[in-house]
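Okay, so here's the structure we're looking at.
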Amino acid sequence: MSTKTPKLTVVGAGPGDPDLITLKAIKALESADVVLYDALINESLLEYAPKAEKIFVGKRKGCYAYQQEQINELIVSRAKSHGHVIRLKGGDPFIFGRGAEEIDYVQKFGIDTNMVPGISSSLAVPAYQGIPLTKRGSSESFWVITGTTKSHKLSQDVCLAAKSNATVVILMGMSKLSEIVSIFAAENKEDVPVAIIQNGTTENEQFGFGSIKTIEQVVSDKKLSSPAIIVIGEVVEQRAKLASIYREVKEEIVS
């Protein structure tokens, strides 16, 4: 049993690019005795915790290293036996990351808890592709929705979002793409632009652009799959404009 005070810090690792982790998160990792990390984090971040025990608790290709109940128990047992446990999660732990659930569980055992926010993929991934989620005159707001609920069904919020003029960002929704397309088509939005961005902000990033009418064919042609985010809205067209500007600037520099 460790003489250190048991403690849990839930830390957001950001969307994939290791440079997008916060300084506060790095400081937390440097003080870690144990790091429990997920599949979507960049493993180079573990170098910030050289003295810590590292345990992979994520999911890859549908296979769980640990079930959520086991992760909860592991946090408690390691906090009591080692001291400071870092729960390192992709993006922001409070945006579909189950960070709040883990904190609730651990607090029942009288263990101190803390949380370090991370940059969510819902914001950073479109930004890296030159897509602003809001733009004056184009989009006054945005929705961030999980594509797959606890019951493994498409969130009904998608139906509400499709009726609005807001930008819609859907996480974990690739398996429900056909349903999503049908919902937007039913609102006469077949021509609304869509972006699919896989492994956003990483070296393996891939993407496809189309409309509600064409995006399924684009996904098929480009063989896009999870993990990916879906961005629906007129702001997607901003990427083409920015790309054109980049080309013009590059040509001027070269000439």
Side-chain angles (χ1 to χ4, degrees), residues 1-125 127-128 171-172 198-205 226-227 229:
M1 184 71 69
S2 173
T3 57
K4 297 181 179 180
T5 302
K7 180 181 178 181
L8 165 68
T9 303
V10 178
V11 174
D17 182 340
D19 288 344
L20 290 178
I21 195 169
T22 66
L23 289 174
K24 193 173 186 70
I26 290 172
K27 290 176 182 177
L29 284 166
E30 289 172 344
S31 69
D33 297 303
V34 181
V35 178
L36 308 182
Y37 65 98
D38 281 345
L40 293 181
I41 71 126
N42 190 307
E43 292 192 14
S44 68
L45 297 177
L46 299 176
E47 295 174 9
Y48 290 115
K51 299 178 181 179
E53 177 187 13
K54 288 93 170 176
I55 305 173
F56 174 72
V57 295
K59 178 177 71 172
R60 287 186 177 136
K61 295 182 179 179
C63 298
Y64 291 83
Y66 291 82
Q67 296 295 327
Q68 186 60 50
E69 294 77 10
Q70 295 173 308
I71 294 172
N72 293 343
E73 293 168 2
L74 190 60
I75 293 171
V76 173
S77 64
R78 281 301 196 277
K80 290 181 176 179
S81 64
H82 288 63
H84 189 191
V85 174
I86 296 290
R87 183 70 176 91
L88 189 61
K89 305 170 84 65
D92 182 277
F94 280 6
I95 299 180
F96 308 127
R98 306 188 75 169
E101 296 175 37
E102 293 172 353
I103 287 175
D104 287 344
Y105 180 86
V106 169
Q107 286 179 339
K108 296 176 184 177
F109 296 84
I111 294 172
D112 290 340
T113 60
N114 194 14
M115 191 272 187
V116 179
I119 298 175
S120 172
S121 62
S122 62
L123 309 177
V125 170
Y128 260 44
L171 309 182
M172 299 170 285
Q198 179 181 333
N199 294 317
T201 80
T202 73
E203 294 178 353
N204 301 319
E205 183 176 71
S226 298
I229 74 167

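Not measured: the values here are computed from a predicted model. Count residues from 1 along the sequence.
Remark: Tyr48 engages Ile26, Leu29, Leu45 in a side-chain contact (heavy atoms from CB on, under 4.5 Å) (not counting sequence neighbours). By the side-chain hydrogen bond (donor to acceptor under 3.5 Å, both in side chains) test, Asp33 is found to be paired with Lys4, residues two or more places apart in sequence or in another chain being considered. Taking Ile55 as the reference, Val34, Leu36, Glu53, Val57, Tyr66, Leu74, Arg78 meet the side-chain contact (heavy atoms from CB on, under 4.5 Å) condition, with sequence neighbours excluded. Shown here are the side-chain hydrogen bond (donor to acceptor under 3.5 Å, both in side chains) partners of Glu101, two or more places apart in sequence or in another chain: Arg98. Partners of Thr202 according to the side-chain hydrogen bond (donor to acceptor under 3.5 Å, both in side chains) rule, which considers only residues two or more places apart in sequence or in another chain, do not exist here. For Glu205, there are no salt bridge (Lys or Arg N to Asp or Glu O under 4.0 Å) partners two or more places apart in sequence or in a different chain.
The heavy-atom pair separating Leu88 from Ala13 by the smallest distance is CD1-CB, 3.8 Å. Summarising the geometry of Ile119 relative to Ala124, their closest heavy-atom pair is CG2-CB, 3.7 Å, with the distance given to 0.1 Å. The minimum heavy-atom distance linking Ile86 with Ala32 is given by the pair CG1-CB, 3.4 Å. Nearest heavy atoms, Pro93 versus Val11: CG-C, 3.7 Å.
Between Lys89 and Glu102, at least one side-chain nitrogen of the basic residue sits less than 4.0 Å from a carboxylate oxygen of the acidic one, meeting the salt-bridge criterion.
Using a 4.5 Å cut-off on side-chain heavy atoms (C-beta onward), Leu20 and Pro15 make contact. The shortest distance between side-chain heavy atoms of Asp38 and Arg87 falls below 4.5 Å. The shortest distance between side-chain heavy atoms of Leu46 and Val35 falls below 4.5 Å.
For residues 9-22, the set of pairs meeting the side chain to side chain donor-acceptor pair (under 3.5 Å) definition, not counting sequence neighbours, comprises Thr9-His84, Asp17-Tyr128. Residue pairs meeting the side chain to side chain donor-acceptor pair (under 3.5 Å) criterion with at least one partner in residues 103-112, sequence neighbours excluded, are Gln107-Thr113.
In this structure, OG on Ser120 lies 13.5 Å from CZ on Phe94, to the nearest 0.5 angstrom. Atoms CG and CG, on Asp92 and Leu123 in that order, are 9.0 Å from each other to the nearest 0.5 Å.
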After noting the C-alpha distance and the side-chain angles of Ser121 and Leu171, does the key distance pass the side chain to side chain contact (heavy atoms under 4.5 Å, CB included) rule? CA-CA 9 Å; Ser121 62; Leu171 309 182; 4.1 Å; yes

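For Lys54, the NZ atom sits in a packed shell: over 12 heavy atoms of surrounding residues, nucleotides or ligands are nearer than 6.0 Å.
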